[in-house]
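Quick notes on the structure that follows.
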Amino acid sequence: MAKIKAIRGMNDILPEQTPLWQYLEESTRSILSSYGYSEIRTPIVESTDLFCRSIGEVTDIVEKEMYTFDDRNGESLTLRPEGTASCVRACEEHGLIFNQVQRLWYTGPMFRYERPQKGRYRQFHQIGVETFGMVGPDIDTELLLLTARLWKKLGIDHAVTLQLNTLGSSEARAYYRDQLVAYLTDHVDQLDEDSKRRLTTNPLRILDSKNPQVQALLEGAPDFHACLDDESLKHFDQLKRNLESLGIPYEVNPRLVRGLDYYGRTVFEWVTDKLGAQGTVCAGGRYDGLVEQLGGRATPAVGFAMGAERLILLLEAEGSLPDRLKRQTDIFIAALGDAAEQKALSLAENLRDLVSWRLTLDCSGGSFKSKMKKADRSGARVALILGDSELEQGVVALKPLRTQDEQELVPFDKIAAVLSAEHRYFKE
RNA sequence: GUGGGCGUAGCUCAGUUGGCAGAGCUCCGGAUUGUGAUUCCGGCGGUCGUGGGUUCAAGCCCCAUCGUCCACCCCA
């Protein structure tokens, strides 16, 4: 009988990996909390319309990458391909952004029907941050500060760089789009197939084409920033000055345009060259028009999303992981014989009330030798050994596994005290 | 959707010109009746991705198909 396997592009995260995920999530959580951000949790499934109206009808995400299906009542539903739309919908629905500012974050799985490759999967995870009601470049700055702080905490700050751009107001963008289309139409013979297609669908995307010939052609194209409105340029200048005074290095990339239609003004990407083709680990920008576009009152907004799988890959390659992550447990109890095994259960339970170390009781039977081997493999720093002779004396043998200290016999009622006091056994 | 690489034990991989299906790691037992990380010995473990074809004979050659990885597109 054929074995059932996980769906293509949807991965199991195995026990070996989960400590890394927890570390990433906890690090992010504590930083966001320190900036006063609140978590929001929204459903994974939304009305299909929500994404069509927010992301943009002609984007690849909406055109060919959504997991869309009919509910039993005929309504079209979609597994969320990103988090911003749901967040805006929930805020609007519950009045969270009516006459008030919000600093929010969320995490969870997203779904896009694409061919999987390194750092890109059909079910992937994002940690997203959205802010509402704040117009100025100071909040843009704050978002970049907190991401920079996270990279430092994770030990990957040397592996990422910040790319920055402004897309201007929607009027300025529309004006530039016409200029660009006019220029490229004159040179249409030099465009590749993809770029020709984008000329009618999403011309600005041609700016960040990977094709060198197209990039060469763009050298002679109208200057994007020259077409932008004063207000946006002023905003952008202030953001740059803020980053400089705070010591956050950045690179202005006038070719950086984001794929989702709702972005305007500030856009940014944190990129790395350590992950192959999918080098963007965090990206976002301003979307001042989206709330109104979804039927709410006009509300300025700026946010970003991090790709959890990409950050995990980068952490594995470059990060500095706490030693604790490599260990399953701190204390391993090996009991031998029926009476000792029974005593070990109550002993272990009692210890869990008294000490905070992780404590694993071996229940797998097997020889004494194999128990010691398991104790070693588990990463535990101390083994507690309980056999017939110890049981008779009312003691356990405490064997340090990572230091050269002598094994000692400890009376049952003194174990917790010894484990709390003898920190030399537990030095990282 | 397009292009290329790879599918052999739980994992990492050998497998010669087509001639008995292999190693290391893991796991279990033993050398050492109760002391792990290094030794040594033994054991468990296989639909060679799947289906067809060629052949006396296919892991190997041919066709198809599925999976996977990387890249394009696109994106976190």
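Within every chain, numbering begins at 1; the chains are lettered A, B, ... in the order of the sequence lines, protein sequences first and strands thereafter. For clarity, every value in this text was computed on a predicted model and none was experimentally measured.
A:R177 is linked by a side chain to side chain donor-acceptor pair (under 3.5 Å) to nothing, counting only residues two or more places apart in sequence or in another chain.
Listed by first and then second residue, the ring pair (Phe, Tyr, Trp, His ring centres under 6.0 Å) pairs that reach into residues 185-218 of chain A are A:Y183-A:H187, sequence neighbours excluded. Each side-chain hydrogen bond (donor to acceptor under 3.5 Å, both in side chains) pair with one or both residues in residues 148-159 of chain A, not counting sequence neighbours, appears once here: A:S30-A:K153, A:Y35-A:R149, A:H158-A:E318. Legend: side-chain hydrogen bond (donor to acceptor under 3.5 Å, both in side chains) pairs involving residues 4-21 of chain A, not counting sequence neighbours, sorted by first then second residue: A:Q17-A:E316. Sorted by first then second residue, the salt bridge (Lys or Arg N to Asp or Glu O under 4.0 Å) pairs that include residues 336-351 of chain A, not counting sequence neighbours, are A:E349-A:R352.
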Determine all donor-acceptor pairs shorter than 3.5 Å in which one atom belongs to a side chain in residues 79-92 of chain A; sequence neighbours excluded.
from: A:R80; atom 1: NE; to: A:P109; atom 2: O; distance (Å): 2.8
from: A:R80; atom 1: NH2; to: A:P109; atom 2: O; distance (Å): 3.1
from: A:E82; atom 1: OE1; to: A:T84; atom 2: N; distance (Å): 3.4
from: A:E82; atom 1: OE1; to: A:T84; atom 2: OG1; distance (Å): 3.4
from: A:E82; atom 1: OE1; to: A:Y262; atom 2: OH; distance (Å): 2.6
from: A:E82; atom 1: OE2; to: A:A85; atom 2: N; distance (Å): 3.0
from: A:T84; atom 1: OG1; to: A:E130; atom 2: OE2; distance (Å): 2.8
from: A:T84; atom 1: OG1; to: A:Y262; atom 2: OH; distance (Å): 3.4
from: A:S86; atom 1: OG; to: A:E46; atom 2: OE2; distance (Å): 3.4
from: A:R89; atom 1: NE; to: A:E93; atom 2: OE1; distance (Å): 3.0
from: A:R89; atom 1: NH1; to: A:E46; atom 2: OE1; distance (Å): 3.0
from: A:R89; atom 1: NH1; to: A:E46; atom 2: OE2; distance (Å): 2.5
from: A:R89; atom 1: NH2; to: A:E93; atom 2: OE1; distance (Å): 3.4

In residues 364-377 of chain A, what donor-acceptor pairs under 3.5 Å come from side-chain atoms, sequence neighbours left out?
from: A:S364; atom 1: OG; to: A:D362; atom 2: OD1; distance (Å): 2.7
from: A:S364; atom 1: OG; to: A:D362; atom 2: OD2; distance (Å): 3.4
from: A:S364; atom 1: OG; to: A:K374; atom 2: NZ; distance (Å): 3.0
from: A:S367; atom 1: OG; to: A:S370; atom 2: N; distance (Å): 3.1
from: A:S370; atom 1: OG; to: A:S367; atom 2: N; distance (Å): 3.3
from: A:S370; atom 1: OG; to: A:S367; atom 2: O; distance (Å): 2.9
from: A:K371; atom 1: NZ; to: A:A335; atom 2: O; distance (Å): 3.4
from: A:K371; atom 1: NZ; to: A:D362; atom 2: OD2; distance (Å): 2.8
from: A:D376; atom 1: OD1; to: A:R402; atom 2: NH1; distance (Å): 3.1

List the atom pairs, donor and acceptor, that lie under 3.5 Å between side-chain atoms in residues 269-284 of chain A and the rest of the protein, sequence neighbours left out.
from: A:E269; atom 1: OE1; to: A:T280; atom 2: OG1; distance (Å): 3.0
from: A:E269; atom 1: OE2; to: A:R258; atom 2: NH1; distance (Å): 2.7
from: A:W270; atom 1: NE1; to: A:T147; atom 2: OG1; distance (Å): 3.1
from: A:T272; atom 1: OG1; to: A:A159; atom 2: O; distance (Å): 2.9
from: A:T272; atom 1: OG1; to: A:K274; atom 2: N; distance (Å): 3.1
from: A:Q278; atom 1: OE1; to: A:R310; atom 2: NH2; distance (Å): 3.2

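Rounded to the nearest Å, the gap between the C1' atom of B:G3 and that of B:C73 is 12 Å. Comparing B:U54 with B:C60, their P atoms sit 15 Å apart, to the nearest whole Å. Comparing B:G45 with B:G51, their P atoms are spaced 23 Å from each other, to the whole Å. Going from the C1' atom of B:G46 to that of B:C13 covers 15 Å, rounded to whole Å.
As judged by a 4.0 angstrom heavy-atom cut-off over every strand, A:Y121 is placed among the base-contacting residues. Residue A:A375 is out of contact with every strand shown, counting any heavy-atom pair closer than 4.0 Å. Nucleic acid contact class of A:G366 (heavy atoms, under 4.0 Å, all strands): sugar-phosphate only. Residue A:Q407 is in base contact, counting any heavy-atom pair closer than 4.0 Å across all strands shown. Using a 4.0 Å heavy-atom cutoff across all strands shown, A:S389 reaches at least one base atom of the nucleic acid. Counting any heavy atom pair closer than 4.0 Å across all strands shown, A:G128 reaches no nucleic acid atom. Within the 4.0 angstrom heavy-atom criterion, base atoms lie near A:I385. A:Q278 comes within 4.0 angstrom of a nucleotide base, judged by non-hydrogen atoms across all strands. Residue A:E390 is in base contact, counting any heavy-atom pair closer than 4.0 Å across all strands shown. Residue A:K118 is classed as a sugar-phosphate contact, given heavy-atom separations below 4.0 Å to backbone atoms only.
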Can you give me the N/O atom pairs linking the protein to nucleotides 9-13 of chain B at distances under 3.5 Å, or say none if there are none?
none

Using nucleotides 37-40 of chain B, report all nitrogen or oxygen pairs with the protein that are shorter than 3.5 Å.
from: B:A37; atom 1: O4'; to: A:D376; atom 2: OD2; distance (Å): 2.9

Each nucleotide N or O in nucleotides 3-6 of chain B that has a protein N or O under 3.5 Å away: list the pair and distance.
from: B:G3; atom 1: O6; to: A:R115; atom 2: NH2; distance (Å): 3.2

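Dense packing is recorded around CD of A:Q22, with more than 12 heavy atoms of other residues, nucleotides or ligands lying under 6.0 Å away. Around atom OH of A:Y250, more than 12 heavy atoms belonging to other residues, nucleotides or ligands sit under 6.0 Å away. More than 12 heavy atoms of other residues, nucleotides or ligands sit less than 6.0 Å from atom CD of A:Q190.
Taking the side chain of A:R8 as heavy atoms from C-beta on, and the options B:G34, B:U68, B:A76, the nearest nucleotide is B:U68. Among the nucleotides B:A76, B:G36, B:C73, the one closest to any side-chain atom of A:K64 is B:C73. Looking at the side chain of A:P116, the nearest of the listed nucleotides B:C73, B:C69, B:G36 is B:C69.
Distances shown here put every side-chain N or O of A:T280 at or beyond 4.0 Å from the OP1 or OP2 atom of B:C75. At B:A71, one or more side-chain N or O atoms of A:Q117 fall inside 4.0 Å of OP1 or OP2 (strictly under the cut-off).
In summary, the side chains of A:S378 and A:T329 do not present any donor paired with an acceptor at a separation below 3.5 Å, with no hydrogens or angles considered. Side-chain contact of A:Q102 with A:Y37: a donor-acceptor pair under 3.5 Å is absent, judged by distance alone.
Between the CZ atom of A:R310 and the P atom of B:C74 there is a distance of 14 Å, given to the nearest Å.
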Both distances under 3.5 Å, Watson-Crick or G-U wobble: on that basis, could you give the dot-bracket string for RNA chain B, with [ ] for crossing pairs and | for other-strand partners? (((((((..((((.....[..)))).(((((.......))))).....(((((..]....))))))))))))....
